[in-house]
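Read through the structure below, which is laid out as structure tokens, and then see the notes.
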Amino acid sequence: MYYNSTQDKSKSVASAQAIAQGISQDGGLFVPESFPQLTADELKGMLKMSYRDRAKLIISKYLTDFTQEEIADCVDSAYTVEKFGSANPAPLAPVSYNGAELNLLELWHGPTCAFKDMALQILPHFLTKSLKKVGGGKDAVILVATSGDTGKAALEGFRDVEHTKIIVFYPVDGVSAMQKHQMNTQQGDNVYVCAIRGNFDDAQTAVKRIFTDPATAQILDEHNMMFSSANSINWGRLLPQIVYYISAYCDMVNMGKTALGEKINITVPTGNFGNILAAYYAYEMGLPVNRFICASNSNNVLTDFIRTGVYNKNRDFYTTVSPSMDILVSSNLERLLYTLSGNNDAETKGYMDALKSEGRYEVSDSIKTKIQALFWGGYADENSTRATIHDLFEQQNYLCDTHTAVAVSVCDAYIRETGDNTPVVIASTASPYKFSKAVLGALNRGEMPESEFDMVDRLHEITGAEVPAPLASLKGKTARFGDVTDKEDMQGVVLRALGIEA
């Protein structure tokens with residue numbers, strides 16, 4: 001299995017190189033040359049497997065330059081009961097909402113209480129093994145832009161991992177108080193956290209620019225270092241996410257929610273498009289899917305794109321109660337465009353160049369038709385998000401976070417608009433306690449406490465929902481990091497954090 005760049009498919013590398021490098025030097029993203037197939041017999045056999053064994057089978061189809069023993073070590077080290085509280089790190093929670101049966105795929109039982117743990121607990125193991133194969137003895141510098149959850153999950157995953165250093169940038173006013181506290185209290189000798197004056201798109205754009213700057217790469221090389229990524233631009237981040245959609249389908253069959261071979265719908269709250277792209281890749285492998293429902297918040301650039309074929313980031317940016325989706329540049333959409341264009345790197349590069357120069361592009365009629373046949377886009381504004389949190393708790397005594405609420409709201413709108421009653425899996429991406437202020441406000445149960453942790457206590461008192469131990473343990477922790485920088489100085493911050501004078 002080899003991987004090509006979306007912007008120059010003549011660039012072909014093995015998986016270890018793709019994971020170690022993170023992004024192609026031409027600025028493109030690495031994608032598999034073709035999608036390995038899951039046979040009907042393999043899918044049937046997976047019904048009886050544990051989550052770990054399903055992961056080993058799927059991952060082995062993509063990481064063909066890894067031994068079976070290396071893959072097993074990565075999987076067994078990542079998905080432990082101690083880290084996720086169960087042998088199944090991604091359980092399904094069936095609920096009824098407005099008369100429709102929904103199956104919430106709870107992806108937030110890991111150490112940072114967000115879906116990013118599903119990938120970022122295994123990525124460090126992928127990366128360290130990849131560096132031994134292709135790194136030439138260099139230390140990896142993990143550079144991360146985060147809209148909230150990736151940052152903490154990456155920091156925790158890479159904490160004190162040998163031969164790695166991790167630097168995380170987040171928008172100073174664009175994450176929840178709990179997310180900020182999680183990052184700024186992070187322990188580890190190889191970690192550094194810095195806020196930027198700007199939004200997530202500013203941070204992400206600057207990180208990609210630093211990644212692909214030859215002069216910076218040369219400076220790092222002189223100090224025996226190389227850049228790599230923990231964002232979903234890294235193939236090693238995206239691959240583990242394919243696993244949980246296939247595993248969820250197996251669980252659906254085992255629970256009698258669907259029959260083997262029958263199609264399901266998948267709803268994903270997304271801003272950067274990585275989580276829903278992983279579901280699409282599962283479909284390309286043979287997972288029976290009828291429709292992908294792409295759920296956005298008020299930053300509804302993806303909704304408009306799916307409905308019109310025009311991607312236009314030239315619009316107002318909103319800071320919402322679902323901050324991990326406050327994104328106007330969806331990096332992983334590039335991978336979908338590459339696949340749907342028939343692996344046309346020139347066409348894909350043209351779209352990305354137009355996005356950089358004009359802030360917009362319009363896809364071909366062929367791509368637009370393919371997207372609309374598979375994807376349905378919708379969005380939930382702030383009022384709809386809050387109402388969904390309130391109504392789901394009132395109807396089912398089930399407490400969800402703001403991002404999951406966006407997905408439930410959009411899925412509800414899809415069902416009402418189309419009448420499609422195909423069994424549905426909804427990606428539930430974070431613990432409600434990561435967004436206590438917004439969730440508590442949505443329940444509308446009296447005055448709001450002043451401090452974040454008083455809000456957590458109040459939310460628990462009202463709902464009885466268990467407070468995850470990793471969040472409860474943050475109370476009273478002192479922040480280690482508090483730096484704030486302008487986006488123009490991020491490159492200097494990186495070099496200083498590494499002890500390098502520019």
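All of these numbers come straight from a predicted model, not from anything done at the bench. Residues take their numbers from the sequence shown, with the count starting at 1.
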- Report yes or no: is the cationic atom of K11 (NZ for Lys, CZ for Arg) under 6.0 Å from the centre of the six-membered ring of Y3, at an angle within 45° of the ring normal? no
- Query: Going by atom types alone, do N299 and D326 pair a side-chain donor with an acceptor below 3.5 Å?
  - Reply: yes
- Message: Under 4.0 Å between a side-chain nitrogen and a carboxylate oxygen: does that hold for K257 and E101?
- Response: yes
- Message: Apply side-chain hydrogen bond (donor to acceptor under 3.5 Å, both in side chains) to residues D420 and N265 and explain how you reach the verdict.
- Response: CA-CA 9 Å; D420 181 3; N265 288 339; 3.0 Å; yes
- Query: What is the ring orientation for F35 with Y281, classed by angle as parallel under 30°, tilted 30 to 60°, or perpendicular over 60°?
  - Reply: tilted
- Query: Where the side chain of H125 meets the backbone of V75, is there a donor-acceptor pair that is under 3.5 Å apart?
  - Reply: no
- Task: On the 0 to 90° scale, with breaks at 30° and 60°, tag the F273-F375 ring pair as parallel, tilted or perpendicular.
- Result: tilted
- With distance as the sole test, does E358 use its side chain to make a donor-acceptor pair with the main-chain N or O of R360 at under 3.5 Å? no
- Message: Does this structure show an ion pair linking K349 with D8, if we count only N-O contacts that are shorter than 4.0 Å?
- Response: no
- Query: Any idea how Y79 and Y51 line up, ring-wise: parallel (<30°), tilted (30 to 60°), or perpendicular (>60°)?
  - Reply: perpendicular
- Query: Parallel, tilted or perpendicular: which describes the rings of W235 and Y62, with under 30° parallel and over 60° perpendicular?
  - Reply: tilted
- W376 six-ring centre to R307 NZ/CZ under 6.0 Å and within 45° of normal: yes
- Of D381, T270, T320, the residue whose pairing with N297 passes side-chain hydrogen bond (donor to acceptor under 3.5 Å, both in side chains): T320
